[in-house]
Number of protein chains: 2
Amino acid sequence: MQPSGETITQDCFDCPIRHRAVCARCETEELNLLEEIKYYRSFEAGQTVVWSGDKMDFVGSLVSGVATLSQTMEDGRTQMVGLLLPSDFVGRPGRIGSPYDVIATTDIVMCCFRKKPFEAMMQTTPHVAQRLLEMTLDELDAAREWMLVLGRKTAREKIASLLCIIGRRDSALRMNARSRSLAFDLPLTREAMADYLGLTLETVSRQVSALKREGVIVLQGKRHILVPDLDRLMEEAGDDSDGGLLV
Amino acid sequence: MQPSGETITQDCFDCPIRHRAVCARCETEELNLLEEIKYYRSFEAGQTVVWSGDKMDFVGSLVSGVATLSQTMEDGRTQMVGLLLPSDFVGRPGRIGSPYDVIATTDIVMCCFRKKPFEAMMQTTPHVAQRLLEMTLDELDAAREWMLVLGRKTAREKIASLLCIIGRRDSALRMNARSRSLAFDLPLTREAMADYLGLTLETVSRQVSALKREGVIVLQGKRHILVPDLDRLMEEAGDDSDGGLLV
DNA sequence: CCGTCACATTGACACACATCAAATCGGAGC
DNA sequence: GCTCCGATTTGATGTGTGTCAATGTGACGG
């Protein structure tokens, strides 16, 4: 049976949280096929999931927690190139190694699929391949949006942009996306934020303090953040887009 | 007939130069199908191919010349997020609009496919979809490599990195990739280089002059560049990778 | 309760790059 | 040839962020 793929839904596989994965809600055999090659892995905060250059024999998606993709130069300068939040996909079908370090910044659970059989299934199941293309295009959009942040925004705007991204993803998960205020935990240290933003941790700290002083955000402890007015924060981020990916 | 797709070659379609496109060398019907929906478009230097936000009813690849993808903030700051060289793919199958301005920086020729039928074909022809995924992953890698450049490299390293990328792509095209020296034309103005690198045009100019003064590059006119020692340039770029995408 | 340790904040100062301004170059048109 | 005009170079100065260093904070274990 050839699934038509017209209704792509988000919650297909039975991971602990029913997260967005690679295929449509459908009752066809590839679901079972995927179930056969599926397994879960857990990592503790700080653990490296894959080292840059290493072979990576699985693809998968993040079920819970936060992980990062980063590149490091010989002299130690590092740049984060991706932030993995729950439901995000990791892996490069058709490629062997990983060009990035994948590091868990909190305890995480990943839902993995063995790569070889996964790739085989892609070849025979068009709409899985298409879902993957879909997700890769999303990642590409995110990467390019981040290029604008890195290349043209000020430190303050960078911080605001990061808070927007994390806050919105977090609240979308908790289904109160309509609200014009936010509350969430920062899953990153100041250093990790700096690596994502192309700044130093001191600059990050200073700008977070400044945003706090001016009431754009409220800090409860070092990591819990309240955003009383999301529009204000987005303005600080210099964001024209509502964050809605235009299709 | 289901093509196996085992030998993916680069030069499938009969564009003026036989450039890398979206499918394998294969004798199956989708080639003819593609031929039917294929057409060419030319643009002059400076012309805008697609405006950000506009509908884009085709996908395609660049046959000759150079084009850029860029994003602009309300206040006019712009960041180039992609550089399109001959054989590069443009378009977002499954999406309607373009989130970027696509601008020709030299006269260009594009090989286009009408989007609707192209997408229809993707659904029925697995290995075309896979080739597309392949290319999108390449773009993603390029975008992420550029994030490192934007976030962590100095102005001098940025310039060197850009020269490496353009020079290598150019020489790869002319099949003398083995050579440790390069000669090529810069297809970008100083301003366009600045927009790519997250710098101002003055800084670009100063750093180019510095590299010239120190013999890393030789300028013939404003745009023609000689690189006597590619290794030296790559060292200046702070590049650990040999530019070979690790697979 | 107190030391320890990682994480974060704050301050003083330096420097790379931006900004503003002027001069020079080089090709197109006449 | 000459003029014009955008592209580029070069100079003087300002500023945002990096660097180095000291201090503060909170969680954890003895």
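Every chain is numbered from 1 and lettered A, B, ... according to where its sequence line falls, protein lines coming before strand lines.
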>> Hydrogens and angles aside, do S70(B) and D101(B) bring a side-chain donor and acceptor to less than 3.5 Å of each other?
In response: no

> Which whole-number value in Å describes the distance from L201(A) CG to dC7(C) C1'?
Replying inline: 9 Å

>> From CD of Q220(A) over to C1' of dG26(D), roughly how many Å is that when rounded to an integer?
In response: 16 Å

>> From CZ of R190(A) over to C1' of dG18(D), roughly how many Å is that when rounded to an integer?
In response: 18 Å

> Separation of K153(A) atom NZ from dA18(C) atom P, in whole Å?
Replying inline: 18 Å

Short N/O separations, protein against nucleotides 22-29 of chain C, under 3.5 angstrom:
none

> Separation of H224(A) atom NE2 from dA8(C) atom P, in whole Å?
Replying inline: 16 Å

> Nearest heavy-atom pair of V63(B) and M110(B): which atoms, and what distance?
Replying inline: CG2-C, 4.1 Å

>> Students often get this wrong, so: under 4.0 angstrom with heavy atoms, is R223(A) touching a base, only sugar-phosphate, or nothing?
In response: sugar-phosphate

> How many Å lie between CG on L219(A) and P on dT9(C), as a whole number?
Replying inline: 7 Å

> Looking at residues 191-199 of chain B, who's got a heavy atom less than 4.0 Å off DNA chain C?
Replying inline: G198(B), L199(B)

>> Salt bridge check, D88(A) against R169(A): does any charged N sit closer than 4.0 Å to a carboxylate O?
In response: yes

> Measuring from T136(B):OG1 to M135(A):CE, what's the distance to the nearest 0.5 Å?
Replying inline: 12.0 Å

>> If I take atom CD1 in residue I225(B) and atom C1' in nucleotide dT8(D), what distance separates them, rounded to the nearest angstrom?
In response: 13 Å

> Any donor-acceptor pair under 3.5 Å between the side chain of E202(B) and the base of dC20(C)?
Replying inline: yes

> Which heavy atom of Q207(A) sits nearest a heavy atom of A155(A), and at what distance?
Replying inline: CG-CB, 3.8 Å

> Shortest non-hydrogen contact from L150(A) to M147(B)?
Replying inline: CD1-O, 3.5 Å

>> A quick test of your reading: do over 12 heavy atoms of other residues, nucleotides or ligands sit less than 6.0 Å from CD of E191(A)?
In response: no

> Considering only heavy atoms, which members of residues 203-212 of chain B lie under 4.0 Å from some atom of DNA chain D?
Replying inline: S205(B), R206(B), S209(B)

> Can we say D141(A) and R95(B) salt-bridge, meaning some charged N sits less than 4.0 Å from an Asp/Glu carboxylate O?
Replying inline: yes

> If you pin R213(A) and R152(A) to their nearest nucleotides in DNA chain C, which one's is more 5'?
Replying inline: R213(A)

> Would R41(B) count as a cation-pi partner of F58(B), with NZ or CZ less than 6.0 Å from the six-membered ring centre and within 45° of the ring normal?
Replying inline: yes

> Reckon T200(B) touches a base, only the sugar-phosphate, or nothing at all at heavy-atom distances under 4.0 Å?
Replying inline: base

> Rounded to the nearest 0.5 Å, how far does CD1 of I217(B) lie from CG of D229(B)?
Replying inline: 13.0 Å

>> Nearest 0.5 Å, please: how far is CH2 in W146(A) from CD in Q79(B)?
In response: 13.0 Å

